[in-house]
Amino acid sequence: MGALLVYDVTRHSTFENVERWLRELRDHTDPNIVVMLIGNKSDLRHLVAVSTEDGKSFAERESLYFMETSALEATNVDNAFAEVLTQIHRIVSKKAMETGDEAAAVPSKGEKIDVSKDVSAMKRVGCCSS
(Lines give C-alpha, C1' and ligand atoms only; values in the text may rest on other atoms or scores of the structure.)
Protein backbone atom coordinates (compact mmCIF):
# COMPACT_ATOMS: atom_id res chain seq x y z
CA MET A 1 0.00 0.00 0.00
CA GLY A 2 3.01 2.25 0.35
CA ALA A 3 6.56 2.55 -0.90
CA LEU A 4 9.61 4.66 -0.21
CA LEU A 5 11.84 5.25 -3.23
CA VAL A 6 15.22 6.19 -1.80
CA TYR A 7 18.13 7.71 -3.66
CA ASP A 8 21.48 8.94 -2.38
CA VAL A 9 21.78 12.74 -2.72
CA THR A 10 25.55 12.37 -3.05
CA ARG A 11 25.35 10.01 -6.05
CA HIS A 12 23.47 11.31 -9.09
CA SER A 13 23.41 7.82 -10.64
CA THR A 14 20.98 6.69 -7.92
CA PHE A 15 18.65 9.59 -8.77
CA GLU A 16 18.83 8.62 -12.45
CA ASN A 17 17.45 5.18 -11.50
CA VAL A 18 14.39 6.59 -9.70
CA GLU A 19 12.35 6.91 -12.89
CA ARG A 20 12.88 3.23 -13.74
CA TRP A 21 12.15 2.14 -10.15
CA LEU A 22 8.94 4.16 -10.17
CA ARG A 23 7.84 2.69 -13.50
CA GLU A 24 8.46 -0.86 -12.19
CA LEU A 25 6.60 -0.04 -8.99
CA ARG A 26 3.61 1.32 -10.88
CA ASP A 27 3.63 -1.63 -13.28
CA HIS A 28 3.46 -4.18 -10.45
CA THR A 29 1.38 -2.57 -7.69
CA ASP A 30 -2.05 -1.16 -6.99
CA PRO A 31 -2.60 2.17 -8.80
CA ASN A 32 -3.50 3.80 -5.45
CA ILE A 33 -0.14 3.03 -3.83
CA VAL A 34 1.31 5.85 -1.75
CA VAL A 35 4.83 6.63 -2.93
CA MET A 36 7.31 8.92 -1.26
CA LEU A 37 10.57 9.93 -2.91
CA ILE A 38 13.37 10.15 -0.36
CA GLY A 39 16.68 11.90 -0.88
CA ASN A 40 18.91 10.30 1.75
CA LYS A 41 22.23 11.50 3.23
CA SER A 42 21.06 15.08 3.64
CA ASP A 43 23.74 15.43 6.33
CA LEU A 44 26.42 15.38 3.60
CA ARG A 45 25.59 18.88 2.24
CA HIS A 46 29.17 19.39 1.04
CA LEU A 47 28.90 16.33 -1.27
CA VAL A 48 25.44 16.94 -2.76
CA ALA A 49 25.10 15.80 -6.37
CA VAL A 50 21.28 15.99 -6.51
CA SER A 51 19.72 19.26 -5.40
CA THR A 52 16.62 19.43 -3.25
CA GLU A 53 14.92 21.29 -6.10
CA ASP A 54 15.64 18.42 -8.53
CA GLY A 55 14.10 15.93 -6.11
CA LYS A 56 11.06 18.13 -5.43
CA SER A 57 10.56 18.81 -9.13
CA PHE A 58 10.60 15.10 -10.01
CA ALA A 59 8.23 14.31 -7.13
CA GLU A 60 5.78 17.01 -8.20
CA ARG A 61 5.87 15.91 -11.82
CA GLU A 62 5.14 12.29 -10.82
CA SER A 63 2.64 13.15 -8.03
CA LEU A 64 4.86 11.74 -5.28
CA TYR A 65 5.44 12.88 -1.74
CA PHE A 66 9.00 14.14 -1.17
CA MET A 67 11.33 14.41 1.78
CA GLU A 68 15.06 14.54 2.41
CA THR A 69 16.44 12.42 5.22
CA SER A 70 19.64 11.52 6.99
CA ALA A 71 19.63 7.95 8.24
CA LEU A 72 22.95 8.65 9.97
CA GLU A 73 21.52 11.54 11.98
CA ALA A 74 17.97 10.10 12.06
CA THR A 75 16.67 13.30 10.47
CA ASN A 76 13.15 12.95 8.99
CA VAL A 77 13.32 9.15 8.94
CA ASP A 78 10.40 8.76 11.35
CA ASN A 79 8.58 11.62 9.61
CA ALA A 80 8.85 9.88 6.24
CA PHE A 81 7.32 6.66 7.54
CA ALA A 82 4.66 8.56 9.49
CA GLU A 83 3.64 10.57 6.43
CA VAL A 84 3.34 7.47 4.24
CA LEU A 85 1.29 5.71 6.94
CA THR A 86 -0.93 8.77 7.33
CA GLN A 87 -1.64 8.87 3.60
CA ILE A 88 -2.31 5.12 3.49
CA HIS A 89 -4.75 5.48 6.39
CA ARG A 90 -6.48 8.36 4.57
CA ILE A 91 -6.93 6.24 1.42
CA VAL A 92 -8.10 3.15 3.33
CA SER A 93 -10.54 5.25 5.35
CA LYS A 94 -11.93 6.85 2.21
CA LYS A 95 -12.39 3.45 0.53
CA ALA A 96 -14.05 2.05 3.64
CA MET A 97 -16.47 4.96 3.79
CA GLU A 98 -17.30 4.58 0.09
CA THR A 99 -18.09 0.88 0.53
CA GLY A 100 -19.84 1.38 3.87
CA ASP A 101 -17.52 -1.15 5.56
CA GLU A 102 -15.62 1.12 7.94
CA ALA A 103 -15.21 -1.46 10.70
CA ALA A 104 -13.47 -4.00 8.47
CA ALA A 105 -10.88 -1.69 6.97
CA VAL A 106 -10.08 0.97 9.55
CA PRO A 107 -8.86 0.49 13.12
CA SER A 108 -11.12 2.15 15.68
CA LYS A 109 -10.13 5.63 16.79
CA GLY A 110 -7.34 5.42 19.33
CA GLU A 111 -6.70 1.72 18.69
CA LYS A 112 -3.03 0.86 19.04
CA ILE A 113 -1.46 -0.77 15.97
CA ASP A 114 1.51 -2.99 16.76
CA VAL A 115 3.96 -3.01 13.85
CA SER A 116 6.86 -4.53 15.81
CA LYS A 117 6.35 -7.97 14.24
CA ASP A 118 6.52 -6.47 10.74
CA VAL A 119 9.82 -4.65 11.28
CA SER A 120 11.63 -7.21 13.43
CA ALA A 121 13.90 -8.32 10.56
CA MET A 122 14.94 -4.73 9.88
CA LYS A 123 15.65 -4.15 13.56
CA ARG A 124 18.03 -7.12 13.57
CA VAL A 125 19.96 -5.90 10.53
CA GLY A 126 19.59 -2.13 10.97
CA CYS A 127 18.98 0.37 8.24
CA CYS A 128 22.57 1.25 7.53
CA SER A 129 24.70 -1.73 8.49
CA SER A 130 27.64 -2.38 6.25
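A 6.0 Å sphere centred on CD of E19 holds no more than 12 heavy atoms belonging to other residues, nucleotides or ligands.
V84 and M36 make their closest contact through CG2-CB, 3.7 Å (heavy atoms, listed as atom of the first residue, atom of the second, distance).
Donor-acceptor pairing under 3.5 Å is lacking for the side chains of H28 and E24.
Side chains of T29 and V35 form no contact here, defined as non-hydrogen atoms less than 4.5 Å apart.
Expressed to the nearest 0.5 Å, how far CD1 of I38 lies from CG of N76 amounts to 8.0 Å. A distance of 8.5 Å separates NE2 in H46 from CG in D43, rounded to the nearest 0.5 Å. Here CZ of R20 is found 8.0 Å from CZ of R23. Values are rounded to the nearest 0.5 Å. Between T14 atom OG1 and N40 atom CG the span is 9.5 Å, to the nearest 0.5 Å. Atom OH of Y65 and atom CD of E83 lie 6.5 Å apart (nearest 0.5 Å).
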Run the side-chain donor-acceptor check on residues 49-60: report pairs under 3.5 Å with partners two or more places apart or on a different chain.
| residue | atom | partner | partner atom | Å |
| --- | --- | --- | --- | --- |
| S51 | OG | D54 | N | 3.0 |
| S51 | OG | D54 | OD2 | 3.4 |
| T52 | OG1 | E68 | OE1 | 2.9 |
| T52 | OG1 | E68 | OE2 | 2.9 |

Enumerate donor-acceptor pairs with a distance under 3.5 Å from any side-chain N or O in residues 2-11 to protein atoms, sequence neighbours excluded.
| residue | atom | partner | partner atom | Å |
| --- | --- | --- | --- | --- |
| D8 | OD1 | T10 | N | 2.8 |
| D8 | OD1 | T10 | OG1 | 2.6 |
| D8 | OD2 | T10 | OG1 | 3.3 |
| D8 | OD2 | K41 | NZ | 3.0 |

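Using a distance-only test at 3.5 Å, with no hydrogens or angles considered, a donor-acceptor pair links the side chain of S42 to the main chain of T69.
Under the 4.5 Å side-chain heavy-atom criterion for Ile, Leu, Val, Met, Phe, Trp and Tyr, I91 and L25 are members of distinct hydrophobic clusters. Connection of M67 to L64 is not established within any shared hydrophobic cluster, with ILVMFWY side chains joined at heavy-atom distances below 4.5 Å, either directly or through further cluster members. In the hydrophobic cluster analysis, where Ile, Leu, Val, Met, Phe, Trp and Tyr join through side-chain heavy atoms closer than 4.5 angstrom, V77 is grouped together with I88. Both V34 and M1 are assigned to one and the same hydrophobic cluster, defined by single-linkage of ILVMFWY side chains at heavy-atom distances under 4.5 Å. Linking Ile, Leu, Val, Met, Phe, Trp and Tyr residues whenever their side-chain heavy atoms come within less than 4.5 Å places I33 and W21 in a single cluster.
Screening residues 25-36 for salt bridge (charged side-chain N to carboxylate O under 4.0 Å, His left out) gives R26-E62 as the qualifying pairs, with residues at least two apart or on separate chains.
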